[in-house]
Amino acid sequence: MGQGGVVPDFLRLRNGIPSHDTFNRVFAALDPKQFLECFLAWTQSVRQAVAQEIVALDGKALRRALNPDQSVKYIVSAWAEGNGLVLGQLQWPTRAMRLRPCPNSCASWS
């Protein structure tokens with residue numbers, strides 16, 4: 001996140017926007033499962049019902065977001081097209097798992 005963008009539009013901070021390192025420390029301190037629950041509750045509260053909504057699933061390999069001793073991480077994201085909203089993201093264990101088990105794992109996103 002750059003120094004500017006969307007944050008000043010909805011959040012006024014006396015000392016300006018925190019640095020990238022500060023955001024990293026905050027997100028590293030959060031419990032991932034608790035954050036997911038809160039994030040999903042928030043997205044459901046702002047999401048509007050759209051008839052036959054299209055939910056796009058997208059997988060990414062995070063090759064550069066790791067330490068040298070770690071293996072590549074895979075993330076699956078769900079995007080609600082009609083709402084213009086990310087419904088959630090899950091870390092996927094391996095690339096081989098493709099989309100077959102995804103409907104069960106992503107059920108909480110809808």
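What you are looking at is a predicted structure, and each value in this text was computed from that prediction instead of being measured. Quick note: residue numbers are just sequence positions, from 1.
Counting all heavy atoms, side chain and backbone alike, Trp42 lies closest to Leu85 at CZ3-CD1, 4.5 Å. Closest approach of Ile75 and Gln91 over heavy atoms only: CD1-CA, 3.9 Å. Heavy atoms only, all atoms of each residue included: Leu90 and Leu36 are closest at CD2-CD2, 4.4 Å.
The other residues sharing a hydrophobic cluster with Val86 are Trp79, where clustering joins ILVMFWY side chains under 4.5 Å apart.
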Below 3.5 Å, can you tabulate the donor-acceptor pairs from side chains in residues 23-32 to any protein atom, sequence neighbours excluded?
from: Asn24; atom 1: ND2; to: His20; atom 2: ND1; distance (Å): 3.4
from: Arg25; atom 1: NH2; to: Thr22; atom 2: OG1; distance (Å): 3.2
from: Asp31; atom 1: OD1; to: Lys33; atom 2: N; distance (Å): 3.1
from: Asp31; atom 1: OD1; to: Gln34; atom 2: N; distance (Å): 2.7

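For Asp58, the side chain to side chain contact (heavy atoms under 4.5 Å, CB included) test picks out Lys60, with sequence neighbours left out.
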